[in-house]
2 protein chains.
Amino acid sequence: MRPAEELRYLILAAQREGNRLLGQALRPLGITPSQAEVIRVLQQHGPLTLNGLGELLVCESGNSPSRLVDRLVTLGLVRRDVAANDRRHIDLSLTEEGSARVRQITEIEERLYESIDAAAEGRELGEILAFLRAFVGGLPAGQAVARRTHR
Amino acid sequence: MRPAEELRYLILAAQREGNRLLGQALRPLGITPSQAEVIRVLQQHGPLTLNGLGELLVCESGNSPSRLVDRLVTLGLVRRDVAANDRRHIDLSLTEEGSARVRQITEIEERLYESIDAAAEGRELGEILAFLRAFVGGLPAGQAVARRTHR
DNA sequence: TGGCAATAGATTACACGACATATATGTCAT
DNA sequence: ATGACATATATGTCGTGTAATCTATTGCCA
């Protein structure tokens with residue numbers, strides 16, 4: 001199997017297993033990995049419109065995350081208000097309850113990053129980051145990562 | 001943003017964008033990336049039982065791919081026969097029509113691998129492969145990759 | 001000002017992806 | 001031989017992912 005093919009499947013495998021681990025860790029909080037990403041982005045960059053949120057999400061990049069936000073509103077974690085000046089826009093922000101989960105989410109993510117660092121033990125992550133940035137640069141999901149890292 | 005966090009999101013971004021590109025390229029064939037993986041695995045390793053197939057798939061690793069196979073049977077690309085000796089098993093194999101698509105799938109995958117190689121230009125893929133193998137080794141999706149590469 | 005294009009979101013449709021549970025078949029101990 | 005257990009697959013449910021289409025609102029210009 002050529003390296004590019006193995007790499008393709010290893011990236012798929014890493015994404016799936018990482019998401020599965022994160023999902024299991026988040027389950028006691030009653031939220032999914034995608035929902036946790038929204039909460040973190042709103043905490044760090046909010047308030048945002050739906051489009052603004054979409055440009056910062058890696059999951060759902062290129063799509064409008066209205067369904068994802070719907071569930072968070074239903075869960076009482078996100079507030080969705082129609083913008084006063086332009087009624088086509090909505091203003092998204094965390095509710096009290098949403099803010100209250102940020103700490104737990106951060107701790108769970110921290111454990112994921114520790115397991116990533118463990119697998120990287122003695123390796124140069126810079127090379128890997130550079131390759132992946134080159135592959136996704138210019139594409140929506142890659143731009144979302146760039147927007148999140150550059151500030 | 002710490003490197004492990006950026007890496008996490010870059011892996012997610014790479015998987016999403018790769019899958020989106022592949023999906024668009026496969027669309028004229030009327031199949032999805034996951035379905036293409038099944039067809040390739042059956043071509044290279046078939047005939048297989050459902051469990052045997054599941055152990056070789058990176059998508060749907062850990063799950064039983066019965067619904068994925070269902071759709072391929074409906075499309076007329078895969079044959080599903082109850083095993084003669086043990087009626088709990090099923091024998092999965094490609095139909096004529098399924099075999100006929102292998103060439104086109106291979107060409108489309110080839111173009112994806114070329115774009116991966118382009119992003120890797122002048123970089124050492126070995127480091128990246130080693131890191132990802134370490135991260136997913138032991139987990140179902142990682143074992144599926146290992147089973148596919150070791151032969 | 002009246003209407004048309006542009007913009008922001010919402011909705012629909014289909015296929016996963018993950019987890020839990022159910023059903024059918026075979027195996028084995030007694 | 002029978003009943004408990006194990007195995008292989010199927011099904012149900014919920015939440016994404018992706019693309020396409022619909023609706024509401026605003027801006028613009030003839």
Side-chain angles (χ1 to χ4, degrees), chain A residues 12-13 15-38 48-55 57-75 80-92 139-141 144, chain B residues 12-13 15-28 30-38 48-55 57-75 78 80-92 139-141 144:
Chain A
L12 175 56
Q15 191 275 321
R16 288 284 204 280
E17 296 296 354
N19 216 51
R20 226 155 51 84
L21 291 175
L22 192 56
Q24 288 170 355
L26 287 170
R27 176 179 288 252
L29 303 194
I31 60 175
T32 67
S34 294
Q35 293 169 356
E37 190 182 352
V38 172
L48 289 167
T49 66
L50 196 65
N51 271 349
L53 175 63
E55 284 173 2
L57 289 177
V58 182
C59 74
E60 300 269 334
S61 49
N63 306 331
S64 160
S66 67
R67 260 189 325 186
L68 188 52
V69 167
D70 259 357
R71 295 203 183 87
L72 287 166
V73 171
T74 301
L75 289 172
R80 176 177 44 194
D81 302 307
V82 178
N85 47 334
D86 185 340
R87 297 182 19 182
R88 290 172 299 184
H89 291 77
I90 59 179
D91 279 336
L92 297 170
L139 300 173
Chain B
L12 175 56
Q15 190 275 323
R16 287 285 203 279
E17 296 296 355
N19 216 51
R20 225 153 52 87
L21 292 174
L22 191 57
Q24 288 170 355
L26 287 170
R27 176 179 287 252
I31 61 175
T32 67
S34 294
Q35 293 169 357
E37 189 181 353
V38 172
L48 289 167
T49 66
L50 196 65
N51 269 350
L53 174 64
E55 285 173 1
L57 290 177
V58 182
C59 74
E60 300 270 335
S61 49
N63 306 331
S64 179
S66 68
R67 271 181 286 231
L68 189 50
V69 168
D70 262 356
R71 294 196 189 90
L72 288 164
V73 171
T74 301
L75 289 172
V78 166
R80 175 178 42 194
D81 303 306
V82 178
N85 47 334
D86 185 340
R87 296 180 23 182
R88 287 172 303 183
H89 291 77
I90 59 180
D91 280 335
L92 296 170
L139 301 174

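Note on naming: letters A, B, ... go to the chains in the order of the sequence lines (proteins, then strands), and numbering restarts at 1 for each one. Computed from heavy atoms alone, side chains included, the values below leave out hydrogens, waters and symmetry copies.
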Go through the steps to decide whether Val38(B) and Cys59(B) satisfy the test side-chain contact (heavy atoms from CB on, under 4.5 Å), and finish with yes or no.
-> CA-CA 9 Å; Val38(B) 172; Cys59(B) 74; 5.5 Å; no
Could you tell me whether the side chain of Gln35(B) and the main chain of Thr32(B) form a donor-acceptor pair under 3.5 Å?
-> yes
Have a look at Arg16(A) and say if it touches a base, only the backbone sugar-phosphate, or nothing, with a 4.0 Å heavy-atom cut-off.
-> sugar-phosphate
Do Leu57(A) and Leu68(A) have side-chain heavy atoms sitting under 4.5 Å apart?
-> yes
Between protein and nucleic acid, restricted to nucleotides 10-12 of chain C and to nitrogen or oxygen atoms under 3.5 Å apart, what atom pairs and distances do you find?
none

Would you indicate what Asn63(A) reaches in the nucleic acid, counting non-hydrogen atoms under 4.0 angstrom: base, sugar-phosphate, or nothing?
-> base
Could you list the residues that satisfy salt bridge (charged side-chain N to carboxylate O under 4.0 Å, His left out) with Glu17(A), not counting sequence neighbours?
-> Arg20(A)
Residue pairs, two or more places apart or on separate chains, that pass salt bridge (charged side-chain N to carboxylate O under 4.0 Å, His left out) and touch residues 23-38 of chain A | Glu37(A)-Arg148(A)
Would you say the side-chain atoms of Asn63(B) pair up with the backbone N or O of Pro65(B), donor to acceptor, closer than 3.5 Å?
-> no
Starting from the 5' end of DNA chain D, give me the residue, Arg88(A) or Asn19(A), whose nearest nucleotide shows up first.
-> Asn19(A)
Starting at the 5' end of DNA chain C, which residue's closest nucleotide do you reach first, Ala84(B) or Asp86(A)?
-> Asp86(A)
Point-to-point distance, once rounded to the nearest 0.5 Å, from CG of Asn19(A) to CG of Leu12(B) | 7.0 Å
Along DNA chain D, 5' to 3', what are the outermost nucleotides having an atom less than 4.0 Å from a heavy atom of chain B?
-> dA6(D) to dA19(D)
Pick out which of Leu53(B), Val69(B), Leu50(B) makes a side-chain contact (heavy atoms from CB on, under 4.5 Å) with Ser64(B).
-> Leu50(B)
Find the distance Leu12(A):CG to dC16(C):P and express it as a whole number of Å.
-> 13 Å
Quick one: is Gln15(A) getting a side-chain N or O under 4.0 Å of the dG17(C) phosphate, OP1 or OP2?
-> no
Residue whose closest nucleotide on DNA chain C lies nearer the 5' end, Gln35(B) versus Asn51(A) = Asn51(A)
Minimum heavy-atom distance between Gly30(B) and Leu75(B), given as atom pair plus value = O-CD1, 4.2 Å
Go through residues 20-32 of chain A and report each residue with a non-hydrogen atom lying under 4.0 Å from DNA chain D, sorted by number.
-> Thr32(A)
What pairs of residues pass the salt bridge (charged side-chain N to carboxylate O under 4.0 Å, His left out) test when at least one of them lies in residues 60-74 of chain B, not counting sequence neighbours?
-> Asp70(B)-Arg80(B)
Per nearest nucleotide of DNA chain D, the residue lying toward the 5' end, Arg71(A) or Thr49(B), is Thr49(B)
